[in-house]
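Notes follow once the structure below has been shown.
Proteins get letters first, then strands, A, B, ... in listed order; numbering begins at 1 in each.
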Protein chains: 2
Amino acid sequence: MREMVEHCDELHSHPQLVDHVKLDMPDEEDLYDLAELFKVFGDSTRIRILYVLFESEMCVCDIAALLSMSQSAISHQLRVLKQARLVRSRREGKTVYYFLADDHVRVILGQGMEHVEE
Amino acid sequence: MREMVEHCDELHSHPQLVDHVKLDMPDEEDLYDLAELFKVFGDSTRIRILYVLFESEMCVCDIAALLSMSQSAISHQLRVLKQARLVRSRREGKTVYYFLADDHVRVILGQGMEHVEE
DNA sequence: ATAACATATGAACAGTTGTTCATATGTTAG
DNA sequence: CTAACATATGAACAACTGTTCATATGTTAT
């Protein structure tokens with residue numbers, strides 16, 4: 001049976017470097033989680049929600065109004081953001097207010113914006 | 001005809017805040033580009049490629065060998081990374097070496113990892 | 001020229017994702 | 001209790017994505 005993966009017969013890099021790279025790679029699980037995290041940032045609706053929350057905590061229907069989207073769509077996306085621990089929420093009567101969970105969001109979006117604007 | 005979007009009859013937030021948020025939102029185009037950028041980070045194969053390139057520039061087939069993936073799959077992903085200006089390449093004979101384009105990658109992945117590891 | 005190697009790319013397919021619609025849950029006021 | 005409002009959620013569907021496979025392009029050596 002043939003190998004599933006084809007690549008060059010010999011590594012071009014020094015074996016020493018290859019070993020070094022392998023050792024320095026984060027755990028497979030962390031890499032997966034990291035990709036999952038960035039998937040969350042990879043949607044402009046969610047990015048817009050995060051930018052809204054930069055200014056102030058806000059309830060679902062106000063976010064929907066601000067972004068001209070349905071309550072359902074926003075609610076679905078807030079759930080994704082919450083599962084990624086990027087936002088948190090508090091209830092006040094009928095209303096649920098969402099707010100940013102921590103400051104990584106600002107740094108990550110800031111760096112991303114820098115890159116995009118270059 | 002009904003409105004496509006349903007939300008609360010009145011904004012709960014002060015109109016003043018709503019205006020402020022609207023003014024502070026980046027351009028629609030930048031938000032879109034930003035989401036596109038993070039989509040690129042949102043795949044564990046591409047994340048792994050970037051981590052490999054943290055250590056050293058490397059040719060396609062060595063990356064494929066290191067990650068136990070096909071040459072084709074890696075080449076497709078390198079193209080995505082290149083289009084996002086996250087990596088660049090140089091040719092040396094038959095071999096094409098890829099390397100990180102700038103340091104935003106390190107900061108973004110670093111912050112993401114911090115968030116994930118919390 | 002041809003052969004061998006490294007990389008790139010187009011088509012196809014399965015798997016994933018974001019929105020809508022309908023409806024359920026939770027809360028408050030009467 | 002019921003009505004009204006705010007939010008959450010499951011199903012469905014179209015749109016998008018990552019890999020494989022086959023093949024094309026580019027480079028070097030002979």
Task: Interatomic distance where NZ belongs to A:Lys39 and P belongs to D:dT17 [whole Å] - done: 12 Å
Open item on the list: Does A:Thr95 reach a base, just sugar-phosphate, or nothing at all? Heavy atoms under 4.0 Å.
Closed with: sugar-phosphate
- [ ] May I ask you to establish whether B:Arg106 and B:Phe54 are in a cation-pi arrangement, using a distance under 6.0 Å from NZ or CZ to the six-membered ring centre and at most 45° from the ring axis?
- [x] yes
- [ ] Can you figure out which of C:dA8, C:dG26, D:dT7 approaches the side chain of B:Val96 most closely?
- [x] C:dA8
I'd like a table of donor-acceptor pairs (distance under 3.5 Å, sequence neighbours excluded) in which one partner is a side-chain atom from residues 73-86 of chain B, with atom names and distances.
{"from": "B:Gln77", "atom 1": "OE1", "to": "B:Arg46", "atom 2": "NH1", "distance (Å)": "2.9"}
{"from": "B:Lys82", "atom 1": "NZ", "to": "B:Ser89", "atom 2": "OG", "distance (Å)": "2.7"}
{"from": "B:Arg85", "atom 1": "NH2", "to": "A:His115", "atom 2": "O", "distance (Å)": "3.0"}

Open item on the list: Between D:dA6 and A:Gln71, counting only base atoms on the nucleotide and side-chain atoms on the residue, is there a donor-acceptor pair under 3.5 Å?
Closed with: no
Open item on the list: Under 4.0 Å from OP1 or OP2 of D:dA8: is there any side-chain N or O of A:Tyr98 that close?
Closed with: yes
- [ ] For residues A:Ala35 and B:Ser44, report the shortest heavy-atom separation together with the two atoms involved.
- [x] CB-N, 3.5 Å
- [ ] Grab the CG-C1' distance between A:Leu11 and C:dA6 for me, whole Å please.
- [x] 14 Å
Open item on the list: Rounding to an integer number of Å, can you tell me how far B:Leu81 CG sits from C:dA8 C1'?
Closed with: 15 Å
- [ ] Check the distance between D:dT17's P and B:Gln83's CD and give it to me in whole angstrom.
- [x] 12 Å
Task: Nearest-nucleotide pick for A:Ser75, side chain only, options being D:dT28, D:dT9, D:dA6 - done: D:dT9
- [ ] Rounded off to whole Å, could you give me the CE-to-P distance for the B:Met69 and C:dT7 pair?
- [x] 15 Å
Open item on the list: Can you give me the closest heavy-atom contact between B:Pro26 and B:Leu31, atom names plus distance?
Closed with: O-CD1, 3.6 Å
Open item on the list: Tell me whether the side-chain N/O atoms of A:Arg91 come closer than 4.0 Å to OP1 or OP2 in C:dG26.
Closed with: no
- [ ] Name the nucleic acid region contacted by A:Tyr97, choosing base, sugar-phosphate or nothing; use a 4.0 angstrom heavy-atom cut-off, strictly under.
- [x] nothing
- [ ] Look only at the side chain of A:Asp62 and the backbone of B:His12, and say whether a donor-acceptor pair between them is shorter than 3.5 Å.
- [x] yes
Task: Upstream residue (5' side of DNA chain D) when B:Gly42 and A:Ala73 are each assigned their closest nucleotide - done: A:Ala73
- [ ] Round to the nearest Å and state the distance from B:Ile63 atom CD1 to C:dT7 atom P.
- [x] 9 Å
Task: Base partner of D:dT23, which must satisfy Watson-Crick or wobble distances under 3.5 Å - done: C:dA8
Task: Heavy-atom closest contact (A:Gly112 atom, B:Leu37 atom, distance) - done: O-CD2, 3.6 Å
Task: Side-chain N,O (B:Arg79) to OP1/OP2 (C:dA8) below 4.0 Å - done: no
- [ ] Could you please name the option among D:dT7, C:dG10, D:dT28 that lies closest to any side-chain atom of B:Ser72?
- [x] C:dG10
Task: A:Ser70 (side chain) and C:dC21 (base): donor-acceptor pair under 3.5 Å - done: no
- [ ] Specify the separation, in whole Å, of atom NE2 of A:His12 and atom P of C:dT7.
- [x] 6 Å
- [ ] Compare side-chain N and O positions of A:Gln77 against OP1 and OP2 of C:dT19 and report whether any pair is under 4.0 Å apart.
- [x] yes
Open item on the list: If stacking means aromatic ring centre less than 5.5 angstrom from the base's six-membered ring centre, planes under 30°, is A:His76 stacked on D:dT9?
Closed with: yes
Task: Separation of atom CD in A:Glu57 from atom P in D:dA6, rounded to whole Å - done: 17 Å
